[in-house]
Amino acid sequence: MQIEQETALGAYAPLMLEYVPAGIALFDAHELRLLAANSRYQDLLEPQWQHGHALGHRLIEFLPRAAYTEIAALFQKVLETGVSSRLEGYATPARLNGTRYWDYSLEPIAEQSQVRYVLLTVTEIIMQLQAQKIAKQAKTALAQAQQELELEQQRHEHQETILLSVRSIVEPQAFAQALLCAIDTCFSPHLLALYSTRSEQEKLSLLAFHTPESWLQETPVLPAFLVGTSGGSLLQAMQQRTPLIRRTSQERETGQKESRERDTLLALPEIACVVYLPLWRAQGAQCEGVLVAGFATEEELDALVVPTLSACAPHLTEALAETWMHAALADERQRLRTVLDQLPEGVILVEAQSGKVSYANPAAAGLLGYALPHLVGAPLNQSAMMSPYRFPPAHQQSAFRWNFALIHALWGKIIVNEEIVVSRPDGSEIVVLSSAAPIRTSHGLITEAVMVFHDITAKKQLEQQKNEFFVVANHELRTPLTAILGYAELLQLQFPEGADAMQRSAINRIAEECEHLIHLIHELLDVSRLEHARLELKKQYLDLLAPLSQVVITQAQTTSIHRLHLTLEELEPVACLMGWFDLLRIEQVIRNLLSNAMKYSPSGSEIEVGVRPRRDAQGREQEVMIWVKDQGMGINALDMPHIFECFYRATTFDRTSISGFGIGLYLTRQLVQAHGGRIWAESTKRQGSTFYVVLPLGPTP
Ligand code: ADP
């Protein structure tokens with residue numbers, strides 16, 4: 001078996017060597033002559049030495065000179081040391097595919113402890129080398145990625161610094177300063193400036209600039225220079241959405257000699273490049289400003305500065321636009337404050353969240369008796385106590401009363417013209433007429449409450465005096481008048497013997513005038529009662545038609561000057577109009593309207609009193625309409641809206657010729673309204689007037 005194996009090895013060893021993927025050669029150790037080699041080794045040699053031509057030749061003969069020294073040294077080493085040796089990654093320039101790399105391995109073969117042969121194995125190391133190359137590439141890529149990552153991180157950090165620096169700044173100039181300072185800490189540029197379009201509609205103006213102090217000292221004209229500088233570049237930057245970068249190197253290259261094309265900032269010797277960053281909102285249609293940054297070197301410009309600033313740009317633009325909006329709002333607020341400060345009425349604003357007085361105008365402080373600084377900022381619930389003033393306990397309750405109006409308003413209530421007695425810290429009291437309302441956001445949230453008030457103490461005092469006068473007048477005038485009337489009536493009953501017609505008419509006149517005066521006094525008293533809500537109706541469930549007809553008939557009999565008649569529409573004379581009435585007051589209403597009709601229409605003219613029921617769908621009487629129609633002077637359109645006001649008299653006639661106080665219609669309307677009814681008038685100048693009264697009927701008790 002062993003013999004067979006050896007025979008096979010002997011026969012096939014050369015063949016096997018041929019298939020080994022390496023060049024194998026055997027050299028004699030003495031002269032380094034090639035004794036045997038497989039064809040893979042021979043293929044590595046120069047063409048003339050291939051195909052067995054090198055066999056029997058020395059290494060020095062067939063190896064190129066350049067390779068020989070290194071390889072021969074390797075042989076030498078093996079021969080000297082007697083141990084194998086390797087040469088890794090040996091490069092040979094290949095004929096076709098560029099440089100090829102090899103591992104040389106030398107194995108000494110000794111016989112009788114002497115090295116007789118040297119076995120050379122040459123392996124091409126394509127795979128390892130490729131792997132090495134890939135690894136190298138990967139390493140480079142990794143390093144690049146690492147570098148890019150670091151840059152990205154740096155960009156992010158700078159971006160954060162810049163954006164954080166302007167957060168919550170609402171004033172444009174302060175915003176610009178903070179921004180430039182932050183950019184300065186990040187990139188240390190030589191020059192920074194921020195131009196904005198807002199302050200002068202559409203036109204760029206310098207908002208702020210930033211340079212090293214030392215440089216500013218050297219270049220004191222810089223601020224002025226910046227104001228007018230770089231017009232061309234600035235305008236060009238505004239037209240584009242990406243940053244515009246000007247470099248001295250570039251200018252030199254393109255040889256921009258034309259001064260208008262040249263960037264003026266680059267003319268400064270310290271500046272090597274300038275970045276113009278146009279500020280656009282993400283969806284904006286207009287450039288809001290330009291950030292200018294000048295640098296001494298171009299280092300880091302493209303990798304760090306420009307990408308960071310570009311990433312910040314939209315956010316900065318939004319924030320800058322917001323500061324302008326804020327500034328406009330502040331201006332508007334200031335304007336409003338100035339107006340409010342000048343108002344004679346007191347105005348107080350209270351913040352809903354804190355419950356503190358956020359604004360009070362001088363008039364408010366004056367009216368409430370506080371010093372303005374004590375009022376503003378004081379909590380509403382104890383503004384009186386917070387002040388240095390101390391109220392006597394009796395005053396404390398009323399001292400807070402004006403606060404209540406505001407508290408109600410904060411709860412959403414609207415208060416209109418409420419009279420409030422204000423006790424002031426000095427112990428005095430005033431009456432104010434106040435209105436208060438909540439201030440809401442567009443979502444309906446109450447953020448503030450406002451109260452407007454003015455002093456009506458003087459008016460109140462006047463009213464008081466007037467009422468006192470009425471009471472005195474009533475007493476002082478009515479007593480003698482009643483006496484005069486009594487005696488006049490007595491005389492009318494018992495005319496003295498021989499009294500002539502003139503005396504009779506004089507006494508009648510005395511009685512008439514007395515009645516008229518007493519009537520006026522009654523009316524004045526009614527007005528006074530009305531104003532103090534002391535006029536009470538004594539309503540009863542009764543028929544209105546009969547007493548109404550009676551008033552008209554009586555009136556028709558007593559007047560000989562006018563022709564008075566009663567018209568009943570849709571009514572039988574015997575019909576009843578039942579409702580809840582204070583009969584005396586309703587008679588007063590009719591008498592007032594009748595007396596006006598007679599007063600303001602010529603002698604002999606006709607006056608109609610009409611009555612018509614108004615029925616519901618079922619034919620039940622719901623209301624009664626009464627009208628008094630004359631053919632008199634009529635009422636001017638300008639006077640029409642005012643005739644029901646107290647003490648109002650039309651301006652169109654001679655007031656001395658027709659007597660009156662201007663309170664008849666006022667009283668009439670109050671009485672009608674107190675019955676739940678309505679009154680109005682229609683009139684045509686010089687043709688006559690009609691007064692309509694509608695009163696509710698029912699309900700059956
Ligand atoms: P007065 O005492 O002046 O009559 P009233 O209150 O009764 O006061 O009326 C107010 C004003 O309305 C009058 O001054 C007058 O100008 C106008 N007026 C009232 N009734 C008539 C009417 N029938 N015809 C024309 N004007 C009238």
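Ligands are counted one by one from 1 in listed order, and the atoms in each one are counted from 1 as well.
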>> Below the 3.5 angstrom mark, is there an N/O of Phe691, backbone or side chain, next to an N/O of ligand 1?
In response: no
| Do the side-chain N and O atoms of Glu418 and Ser434 include a donor-acceptor pair separated by under 3.5 angstrom? | no
Here the pair of heavy atoms bringing Lys538 nearest to Asp582 is N-OD2, 2.8 Å
Min over Tyr666, Tyr600, Phe661 of heavy-atom distance to atom 21 (C) of ligand 1 lands on Tyr600
Checklist entry - With a 4.0 Å cut-off on heavy atoms, does Gly688 reach ligand 1? => result no
shortest atom 8 (O) of ligand 1-to-protein heavy-atom contact is with Gly662 CA, 3.1 Å
Margin query: Regarding Arg620 and Asp616, does a basic nitrogen lie under 4.0 Å from an acidic carboxylate oxygen?
Written below: yes
All heavy atoms of Arg678 vs all of Arg614, minimum pair found to be NH2-NH1, 3.2 Å
Atom 7 (O) of ligand 1 has as its nearest protein heavy atom Asn596 ND2, 2.8 Å
Using a strict threshold of under 4.0 Å (side-chain N to carboxylate O), is an ion pair present between Glu606 and Lys629? no
min-distance protein heavy atom vs atom 3 (O) of ligand 1 -> Arg649 NE, 2.5 Å
**Study point:** side chain to side chain contact (heavy atoms under 4.5 Å, CB included) between Leu695 and Phe581, intermediate numbers included
**Key:** CA-CA 9 Å; Leu695 294 168; Phe581 304 109; 4.1 Å; yes
Closest to atom 25 (C) of ligand 1 by heavy-atom distance, out of Ile635, Ile663, Thr668, is Ile635
Worksheet item: Are any side-chain N or O atoms of Thr197 and backbone N or O atoms of Glu288, one a donor and one an acceptor, separated by less than 3.5 Å?
Response: yes
Quick note on ligand 1: atoms under 4.0 Å from a heavy atom of Gly660 include exactly 2 (O)
Taking Glu463 first and then Lys460, would you say they form a salt bridge - that is, a charged N and a carboxylate O separated by under 4.0 Å?
yes
The atoms of ligand 1 lying under 4.0 Å from a heavy atom of Ser689, numbered in the order shown, are 24 (N), 25 (C)
Looking only at non-hydrogen atoms, the one of Asn636, Ile643, Leu520, Ile658 nearest atom 17 (C) of ligand 1 is Ile643
Honestly, for Ala650 the part within reach of ligand 1 (heavy atoms, under 4.0 Å) is both
### Message
If you count every heavy atom of other residues, nucleotides or ligands that lies below 6.0 Å from Lys685 atom NZ, does the total exceed 12?
### Response
yes
task: Using the six-membered ring wherever Trp is involved, compare the ring planes of Trp680 and Tyr692 and label them parallel, tilted or perpendicular (cut-offs 30° and 60°).
output: parallel
In ligand 1, the atoms that come under 4.0 Å of a heavy atom of Lys599 are 1 (P), 2 (O), 4 (O)
Heavy-atom proximity to atom 23 (N) of ligand 1 ranks first, among Thr690, Asp639, Asp630, for Asp630
- Query: Looking only at N/O atoms, are Ser659 and ligand 1 under 3.5 Å apart anywhere?
  - Reply: no
For Gly664, the atoms of ligand 1 under 4.0 Å from one of its heavy atoms are 5 (P), 6 (O), 7 (O)
Original post:
For ligand 1, is Phe644 a contact, meaning one of its heavy atoms is under 4.0 Å away?
Top reply: no
If you scan protein heavy atoms around atom 10 (C) of ligand 1, the nearest is Tyr648 O, 3.4 Å
Checking His522 against Arg478: is there a side-chain donor and acceptor pair closer than 3.5 Å? yes
A student checking ligand 1 against Gly634 at a 4.0 Å heavy-atom cut-off should list atoms 25 (C)
Scanning both residues in full, the closest heavy-atom pair of Leu564 with Ala556 reads CB-CB, 3.9 Å
Within the 4.0 Å heavy-atom cut-off, what Leu665 brings close to ligand 1 is both
